[in-house]
Amino acid sequence: MKATFGGGCFWCTEVIFQHTKGVEKVIPGYMGGQRENPTYEQVCSGATGHVEVIDIYYDETQVTFQDLLEVFFKTHDPTTLNRQGADVGTQYRSVVFYHSEEQKQETEAFIQALEEAKVYDSPIVTAVEPAVTFWEAEGYHHDYFNLNPQNQFCQVVIAPKLQKFLKMYQK
């Protein structure tokens with residue numbers, strides 16, 4: 001099975017889902033914009049309409065789509081429009097790109113349950129949109145955190161986020 005999430009920088013979301021039980025593969029890329037074969041620089045400009053996303057391939061006998069939604073909503077801020085931390089722009093918006101009507105309904109019900117439970121102080125702004133063409137990110141973005149642990153962004157932003165996640169969930 002496949003899920004596609006945009007929750008800010010794909011370096012952050014990729015490593016979280018790499019450590020999620022039942023996830024077989026995570027691929028960073030771009031989705032939702034108008035430009036064909038966008039580059040990282042083009043997407044970062046905000047002019048393409050694309051979002052930094054990850055395609056998640058998972059074994060549904062080990063992890064459900066609902067489980068993935070739980071991880072997604074606990075590991076990014078779904079209440080900030082076009083922003084995750086210091087990353088600002090439509091390319092960092094919170095979005096679930098659904099691959100089936102079932103994923104759409106599950107996502108909408110999940111968001112509604114979070115809102116009714118008042119899990120967040122602000123309204124959830126996560127978009128729920130049909131999956132369109134996925135453009136795989138350039139090779140140097142794949143497995144970024146694991147290959148660049150000394151990078152300042154990795155140390156300051158991603159490592160603490162990963163540690164917090166690992167305390168909540170163990171693969």
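Both backbone and side-chain heavy atoms feed into the values below; hydrogens, waters and symmetry mates do not.
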(request) Walk me through it: do H76 and T13 pass the test side chain to side chain donor-acceptor pair (under 3.5 Å)? (result) CA-CA 8 Å; H76 85 293; T13 54; over 6 Å; no
(request) Classify the angle between the aromatic ring planes of W11 and F153 as parallel (below 30°), tilted (30 to 60°) or perpendicular (above 60°). (result) perpendicular
(message) Would F165 and T20 count as a side-chain contact (heavy atoms from CB on, under 4.5 Å) here? Give the steps.
(response) CA-CA 9 Å; F165 168 77; T20 301; 3.5 Å; yes
State yes or no: do [X] and [Y] share one hydrophobic cluster built from I, L, V, M, F, W and Y residues joined by side-chain heavy-atom distances below 4.5 Å, directly or via other members?
X	Y	value
I27	V71	no
Y120	F72	yes
I54	Y40	yes
V26	I158	yes
V63	V96	yes

(request) Flag yes if more than 12 heavy atoms outside E41 fall under 6.0 Å of its CD atom; otherwise flag no. (result) yes
(request) Would you indicate whether E36, at its atom CD, is surrounded by more than 12 heavy atoms from other residues, nucleotides or ligands within a distance under 6.0 Å? (result) no
(request) Check step by step if side-chain contact (heavy atoms from CB on, under 4.5 Å) holds for Q66 and F110. (result) CA-CA 8 Å; Q66 183 93 8; F110 193 89; 3.2 Å; yes
Do you know the tightest heavy-atom contact between [X] and [Y]?
X	Y	answer
Q34	H50	N-NE2, 4.0 Å
G32	V132	N-CG2, 3.7 Å
A86	R83	CA-NH2, 4.4 Å
L162	I16	CA-CD1, 4.0 Å
V157	C12	CG1-SG, 4.1 Å
T133	M31	O-CG, 3.7 Å

(request) May I have the step-by-step check of side chain to side chain donor-acceptor pair (under 3.5 Å) for D67 and Q62, ending in yes or no? (result) CA-CA 10 Å; D67 294 332; Q62 294 184 39; over 6 Å; no
Point-to-point distance, once rounded to the nearest 0.5 Å, from [atom1] of [X] to [atom2] of [Y]:
X	Y	atom1	atom2	value
M1	L68	CE	CG	10.0 Å
I56	K2	CD1	NZ	11.0 Å
L114	I124	CG	CD1	4.5 Å
Y58	F17	OH	CZ	11.0 Å
E102	T107	CD	OG1	10.0 Å
D59	K21	CG	NZ	10.0 Å

Quick one, [X] and [Y] - any side-chain contact, counting heavy atoms below 4.5 Å?
X	Y	answer
D121	T79	no
E106	Q103	no
L147	Y140	no
Q18	V23	no

(request) Could you walk me through whether E108 and Q112 pass side chain to side chain donor-acceptor pair (under 3.5 Å), step by step? (result) CA-CA 6 Å; E108 289 172 344; Q112 183 177 349; over 6 Å; no
Are the side chain of [X] and the backbone of [Y] linked by a donor-acceptor contact shorter than 3.5 Å?
X	Y	answer
R35	N37	no
E52	Q91	no
K161	T75	yes
Q42	A47	no

(request) Give the intermediate values and the outcome of side-chain contact (heavy atoms from CB on, under 4.5 Å) for residues E136 and H142. (result) CA-CA 9 Å; E136 189 170 328; H142 294 244; 2.8 Å; yes
(message) Could you go through R93 and L81, starting from their C-alpha distance and side-chain angles, then the distance that decides it, and tell me whether this counts as side-chain contact (heavy atoms from CB on, under 4.5 Å)?
(response) CA-CA 6 Å; R93 66 192 178 94; L81 187 62; 5.7 Å; no
(message) Out of the candidates Y92, F10, F97, F134, only one should pair with Y30 under the ring-ring contact (aromatic ring centres under 6.0 Å, His included) rule; please name it.
(response) F10
(message) Under a 3.5 Å threshold, yes or no: a donor from one side chain and an acceptor from the other, between N151 and Y144?
(response) yes
(request) Output, in order, the C-alpha distance, side-chain angles, deciding distance and verdict of side chain to side chain donor-acceptor pair (under 3.5 Å) for N82 and T90. (result) CA-CA 5 Å; N82 301 328; T90 57; 5.5 Å; no
